[in-house]
Trainee: 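Encoded as structure tokens, here's the structure I'll be asking about.
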Amino acid sequence: MILCIRCYPSGKKSLNLQKINTMSQELSEQEQIRRNSLQELTALGIDPYPAETYETNVTASEILEDYPNNEKLFQDISIAGRIMGRRIMGAAAFVELQDPGGKIQLYFKRDDICPGEDKSAYNIVFKRLLDIGDIIGVKGYVFTTKMGEITIHVKEYKLLSKSLKPLPVVKEKDDKVWDAFTDPEQRYRQRYLDLIVNPEVRSTFIKRTELVNSMRSFLNVKGYLEVETPILQPLYGGAAARPFKTHHNSLDMTLYLRIANELYLKRLIVGGYDGVYEFSKDFRNEGMSRFHNPEFTQMELYVAYKDYEWMMDLVEEMIEKIAIDLHGTTKVKVGENIIDFKRPWKRYTMLGVIREYTGIDISEMDEAELRATANKLEVETDPSMGKGKLIDEIFGETCEAKLIQPTFITDYPVEMSPLAKKHRSEEGLVERFEAICNGKELCNAFSELNDPLDQRRRFEEQLELGKRGDTESMVLDEDFLRALEYGMPPTAGLGIGVDRLSMIMTDSNSIQDVLFFPQMRPEKKQEVSSDEEFIALGFQPEWVPILREKGFNTVEELKQANPNKLANDLNGLRKKKKLDIPALNPAKVKEWIEA
RNA sequence: CUCUCCGUAGCUCAGCUGGCAGAGCAGCUGACUCUUAAUCAGCGGGUCGAAGGUUCGAGUCCUUCCGGGGAGACCA
């Protein structure tokens, strides 16, 4: 293999750049160099993307955790990960290796990697053909360097995957970070990059999954059944929102992506299950903001023979458990605040909390008085709003943002809660609560309406609101009413926003930070016509790079050009570059681009 | 949808009242056997988001558009 060293004398690398370049015009110099390295690796007989399993027996975090306690451990290890940094000093080098659990330093020494005469595995392959971003596996033993860092002394290594694009290189020391990869657009569009270079992003999403696991196990221990219900629905219902519309070809009918799964879960309660829940991806056709994504996740739970009082206790218990499971404490830092989920939470009625924060008692007001009050409080109204909506607006504007610690707001106006049961003692109200936390709704729950006649009236009132111009009013679901007519036990229902809860539990400022792939406008890619399209016009293949150099990316752009000037310019370049192709005839060019 | 800020090298960012596109890291070449933001010497790398306009001259000024952030509106 000594021959190989002679094959790659220093300084001759750049010869190959042109050849590879013809594949695409868009490669940066660094990408070309990496593609070159790829070719050289292949030429050396090294598969840059080997198929077989690479057996590992340890992770970075296990070593960092256990080695200090027992330095006899980890004397024969195998580990794999991505190269995140290199410090090469002649015949020795240090490498930062990142695996799913963390980063660990590797020590490469030439004479250990290459025990014999042939030093190419170190000098050529490791030093020159490997890059930051490549994925490798190494075998060796753990030791501590002079500087006191736990390090793997590498005896052999293997390339597992060659990286062709340069990675953002984030450097850090003593909690200071240099050149952090921060551009939100790139982070969200290329989440994989974000995950590679920003470890806190990886842990945020792990926390999100732990949250879901914690909630699921809480519900399973209680004996509730996790179920799945349709996402494609002929009628959307269960919430006040505009849906996404789609079409089923063979049935030739409109279907909607669900905005909630409430009505299906309640059908299952009618069917005889006494507790059902679903982690439900819901879709609402609305704007986006740091609190809204068009698709989001809700957990909905329905439990028979219970009421909303009981459900409040369950919510407190469940969220408190989640906080402890994730943080080991009920106190969670969110922005500037410390939020304490310890039970019991404060409970206010809606009218009570409005009285508390505005000093106004609205309990006896009719629609006109409410509208006047709203205007006085500088709450915006519009004519489509009924009494319930007005109260909700007043609450939303004057109270909600001030509720930082988890707080239950109970007893909502009947007009805005068409699926909730009439309050057992308060006229005009329903048995509904929301938990508010950090100024935002965390969950929504009620004693479910199981009176089929009342439910029909409520739907009909919604239809009236729809006629007044409320685009989010509910539609009437005859099959759901039919189910209720067979009889549904008294039931408590809950909907809890998993994304919103994740934001709080991970101290994330935006919903985009707890969704792997938040909705974004499509990337606008530059239109580029293929070589074949240019050739099809009549140009010889040799002209295509010249056309591109001249700034013509598409055939369309070419057709806009003045044929005489074009032929002139191109022939000028031909002369300048001394190209060995026939000159263009302006009349022919005119024919081609006007064809 | 409105207001506002931003878009310059692979990443982070400078670039003044308009005058030859810059730095650090990353990359390439070379030196270096326990470094750690490794170091030292040298070199390459750009459609300044796009299109118009003003100007002798535009990264810089004006208009429009695209994309993104933030704040609101709508909305949970």
Side-chain angles (χ1 to χ4, degrees), chain A residues 9-14 17 25-34 36-37 84-96 103 105-112 122 127-128 131-133 143-149 151 153 163-174 176-189 193 197 239-242 259-260 282 284-294 296 298 380 382 392-393 396 400 416 434 436 440-444 471-472 495 497 499-500 509-512 520-527 548-549 551 553:
Chain A
S10 55
K12 280 210 174 176
K13 284 195 63 176
S14 55
L17 287 180
Q25 300 291 309
E26 317 296 336
L27 293 182
S28 70
E29 183 193 28
Q30 289 192 46
E31 290 172 298
Q32 289 174 12
I33 288 167
R34 284 177 181 230
N36 248 47
S37 299
M84 298 302 285
R86 299 202 296 173
R87 293 179 287 278
I88 295 175
M89 299 153 297
F94 290 91
V95 170
E96 304 283 337
K103 272 186 204 166
Q105 180 169 270
L106 309 179
Y107 177 63
F108 280 71
K109 194 170 163 188
R110 180 168 57 203
D111 295 339
D112 287 347
Y122 181 87
K127 271 170 72 175
R128 196 147 65 71
D131 290 290
I132 290 173
F143 75 110
T144 305
T145 64
K146 276 185 199 164
M147 302 299 286
E149 179 153 351
T151 300
H153 190 122
S163 163
L164 294 180
K165 278 192 178 293
L167 216 53
V169 178
V170 181
K171 297 212 171 190
E172 54 193 298
K173 196 200 181 186
D174 302 335
K176 272 184 285 181
V177 178
W178 286 264
D179 297 338
F181 180 62
T182 52
D183 178 11
E185 177 171 6
Q186 287 192 72
R187 287 186 45 225
Y188 300 146
R189 286 195 196 280
L193 265 189
V197 302
R242 288 151 74 184
I259 57 173
D282 292 342
R284 298 189 183 174
N285 210 336
E286 295 157 356
M288 288 139 65
S289 75
R290 71 191 186 90
F291 291 104
H292 300 86
N293 195 63
F296 65 101
Q298 262 200 107
E380 281 188 40
D382 74 66
D392 189 42
E393 283 297 315
E400 195 170 11
M416 50 183 291
E434 291 189 359
I436 311 290
K440 279 278 164 189
E441 172 194 348
L442 201 61
C443 71
N444 183 15
T471 53
E472 292 162 357
D499 313 286
R500 298 266 179 94
N509 193 41
S510 157
I511 199 168
Q512 294 170 308
M520 305 276 279
R521 282 205 169 72
E523 258 179 296
K524 209 180 123 197
K525 58 174 185 202
Q526 166 132 45
E527 294 255 344
R548 293 193 196 278
E549 188 177 330
N553 284 314

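Order of the sequence lines sets the chain letters (A, B, ...), proteins ahead of strands, with each chain counted from 1.
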Trainee: Determine whether a donor-acceptor pair (one donor, one acceptor, N or O, separation below 3.5 Å) exists between the side chain of A:E149 and the base of B:U35.
Mentor: no
Trainee: Just how far, in rounded Å, is P of B:A26 from CH2 of A:W178?
Mentor: 13 Å
Trainee: What pair of heavy atoms forms the shortest contact from A:L167 to A:M84, and how long is it?
Mentor: CD2-SD, 4.0 Å
Trainee: For A:M89 and B:U33, give me the distance from atom CE to atom C1', rounded to whole Å.
Mentor: 7 Å
Trainee: Respond yes when some side-chain nitrogen or oxygen of A:R87 is under 4.0 Å from OP1 or OP2 of B:A38, and no when none is.
Mentor: yes
Trainee: Taking atom P in both B:U12 and B:G7, what distance in whole Å separates the two?
Mentor: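 Nearest-Å result for B:U12 against B:G7 at atom P: 12 Å.
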Trainee: Under 4.0 Å between any heavy atoms, over every strand shown, what does A:A239 touch: base, sugar-phosphate, or nothing? Just pick one.
Mentor: nothing
Trainee: Measure from CG on A:L27 to P on B:G45 and round the result to the nearest Å.
Mentor: 16 Å
Trainee: For B:A9, does the base pair up with any side-chain atom of A:E29 as donor and acceptor (N or O, under 3.5 Å, distance only)?
Mentor: no
Trainee: Looking at the side chain of A:T145, which of B:U12, B:C75, B:U35 is the nearest nucleotide?
Mentor: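 Closest of the options to the side chain of A:T145: B:U35.
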Trainee: With a 4.5 Å heavy-atom cut-off, do A:D499 and A:N293 have their side chains touching?
Mentor: no
Trainee: Do A:I511 and A:M288 have side chains that approach each other closer than 4.5 Å (heavy atoms only, starting at C-beta)?
Mentor: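 They are not in contact (no side-chain heavy atoms under 4.5 Å apart), so the answer is no.
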Trainee: Would you classify A:L167 as touching base, sugar-phosphate or nothing, given that sugar-phosphate means primed atoms plus P, OP1 and OP2, and contacts are heavy atoms under 4.0 Å?
Mentor: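 No contact at all - A:L167 keeps every heavy atom at 4.0 Å or more from the nucleic acid.
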Trainee: Now, which nucleotide makes the Watson-Crick or G-U wobble pair with B:U39, with each of the two distances under 3.5 Å?
Mentor: B:A31
Trainee: Using a cut-off of less than 4.0 Å, is there contact between a side-chain N or O of A:K171 and OP1 or OP2 of B:A38?
Mentor: yes
Trainee: Please classify the nucleic acid contact of A:A241 as base, sugar-phosphate, or nothing, using heavy-atom distances under 4.0 Å.
Mentor: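 Since only primed, P, OP1 and OP2 atoms lie under 4.0 Å of A:A241, the category is sugar-phosphate.
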Trainee: Tell me, for nucleotides 68-73 of chain B in 5' to 3' order, what letter each nucleotide earns: B for a base near a protein heavy atom under 4.0 Å, S for only sugar-phosphate near one, - for neither?
Mentor: SS-S--
Trainee: Using the C1' atoms only, state how far B:G44 lies from B:C28, rounded to an integer number of Å.
Mentor: 7 Å
Trainee: Which heavy-atom pair separates A:Q512 from A:M520 by the least distance, and what is that distance?
Mentor: NE2-SD, 4.2 Å
Trainee: In whole angstrom, what separates A:K127's NZ from B:G27's C1'?
Mentor: 16 Å
Trainee: Restricting to non-hydrogen atoms, name the atom on A:E286 and the atom on A:R242 that form the minimum distance, rounded to 0.1 Å.
Mentor: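 For A:E286 and A:R242, the tightest heavy-atom pair comes out as OE2-N, 4.4 Å.
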Trainee: Please determine, for the side chain of A:K173, which listed nucleotide (B:C75, B:U36, B:A26) has the closest atom?
Mentor: B:U36
Trainee: How is A:Q105 classified with respect to the nucleic acid when contacts are heavy atoms under 4.0 Å: base, sugar-phosphate, or nothing?
Mentor: base
Trainee: Assess, by modelled atom type and distance only, whether the side chains of A:R34 and A:S163 contain a donor and an acceptor separated by less than 3.5 Å.
Mentor: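 Yes, side-chain donor-acceptor contact under 3.5 Å.
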Trainee: Roughly how far, to the nearest 0.5 Å, is the CH2 atom of A:W178 from the NZ atom of A:K171?
Mentor: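 Those atoms lie 10.0 Å apart.
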Trainee: Taking atom C1' in both B:A9 and B:C32, what distance in whole Å separates the two?
Mentor: 29 Å
Trainee: Which heavy atom in A:Q186 sits nearest to a heavy atom in A:F181, and how many Å separate them?
Mentor: CB-CZ, 3.7 Å
Trainee: Do you know which two heavy atoms are closest between A:A241 and A:R284, and how far apart they sit?
Mentor: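 That closest heavy-atom pairing would be CB-CD, 3.5 Å.
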Trainee: What nucleotide, of B:C75, B:U36, B:G27, holds the atom closest to the side chain of A:E393?
Mentor: B:C75
Trainee: Out of B:U29, B:U33, B:C11, which has the shortest distance to the side chain of A:A92?
Mentor: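 Closest nucleotide to the A:A92 side chain: B:U33.
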Trainee: Does B:G59 have a Watson-Crick or wobble mate here (both distances under 3.5 Å), and if so which one?
Mentor: none
Trainee: Less than 4.5 Å apart, any side-chain heavy atom of A:H292 and any of A:R500?
Mentor: yes
Trainee: Scan every strand shown for a Watson-Crick or G-U wobble partner of B:A23, both distances under 3.5 Å, and answer none if you come up empty.
Mentor: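 B:A23 is paired with B:U12.
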Trainee: Answer yes or no: does a side-chain N or O of A:Q30 lie under 4.0 Å from OP1 or OP2 of B:C28?
Mentor: no
Trainee: Kindly indicate whether the side chain of A:E31, heavy atoms from C-beta on, has any atom under 4.5 Å from the side chain of A:K165.
Mentor: yes
Trainee: Using atom P of each nucleotide, how far apart are B:G22 and B:G45 to the nearest Å?
Mentor: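 Straight-line distance between the two P atoms is 12 Å.
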Trainee: With both distances kept under 3.5 Å, what pairs with B:G7, Watson-Crick or G-U wobble?
Mentor: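 Check on B:G7: paired to B:C66, both distances under 3.5 Å.
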Trainee: A:R34 near the nucleic acid: base, sugar-phosphate alone, or nothing, with a heavy-atom cut-off under 4.0 Å?
Mentor: nothing
Trainee: Does any nucleotide pair with B:U2 by Watson-Crick or G-U wobble geometry, both distances under 3.5 Å, and what is it?
Mentor: B:A71
Trainee: Quick check on RNA chain B: between A:F181 and A:T151, whose nearest nucleotide comes earlier from the 5' end?
Mentor: A:F181
Trainee: Across all strands, who's sitting opposite B:G45 as a Watson-Crick or G-U wobble pair, both distances under 3.5 Å?
Mentor: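 Paired with no nucleotide.
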Trainee: Under a 4.5 Å cut-off applied to non-hydrogen side-chain atoms, are A:R87 and A:Q105 in contact?
Mentor: yes
Trainee: How many whole angstroms separate atom CD of A:Q186 from atom C1' of B:U8?
Mentor: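 To the nearest whole Å, that distance equals 14 Å.
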Trainee: Which one, B:U33, B:G10, B:C34, comes nearest to the side chain of A:P166?
Mentor: B:G10
Trainee: Tell me: CD of A:E434 to P of B:C75, nearest whole Å?
Mentor: 15 Å
Trainee: What class does the angle between the rings of A:Y107 and A:F94 fall in, given that below 30° is parallel, 30 to 60° is tilted and above 60° is perpendicular?
Mentor: tilted
Trainee: Could you check which of B:C34, B:A37, B:C11 has an atom nearest any side-chain atom of A:Y107?
Mentor: B:C34
Trainee: For the pair made of NZ in A:K109 and P in B:C32, what is the distance, rounded to whole Å?
Mentor: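 Computing the A:K109:NZ to B:C32:P distance gives 16 Å.
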Trainee: For A:T182 and A:N444, take the nucleotide of RNA chain B holding the closest heavy atom to each; which residue's nucleotide lies nearer the 5' end?
Mentor: A:T182
Trainee: Between A:F108 (CZ) and B:U35 (C1'), how many Å, whole number?
Mentor: 14 Å
Trainee: Between B:C11 and B:U17, how far apart are the C1' atoms? Round to whole Å, please.
Mentor: 32 Å
Trainee: Among the candidates B:C34, B:G27, B:C32, find the nucleotide nearest to the side-chain atoms of A:I88.
Mentor: B:C32
Trainee: Using the C1' atom in both, what is the distance from B:U4 to B:G57, to the nearest Å?
Mentor: 32 Å
Trainee: Would you measure the distance from the P atom in B:C13 across to the matching atom in B:G70 and give it in whole Å?
Mentor: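 Rounded to whole Å, the distance is 15 Å.
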Trainee: Which part of the nucleic acid does A:F291 contact within heavy-atom distance under 4.0 Å: base, sugar-phosphate only, or nothing?
Mentor: nothing
Trainee: Just the atom pairs and distances: protein N or O near nucleotides 40-42 of chain B's N or O, under 3.5 Å.
Mentor:
none

Trainee: At their closest point, which heavy atom of A:S37 faces which heavy atom of A:R128, and how far apart are they?
Mentor: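 Reported closest heavy-atom pair: OG-O, 4.2 Å.
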Trainee: For the C1' atoms, the ones on B:A50 and on B:C66, what distance do you get once it is rounded to whole angstrom?
Mentor: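 Straight-line distance between the two C1' atoms is 7 Å.
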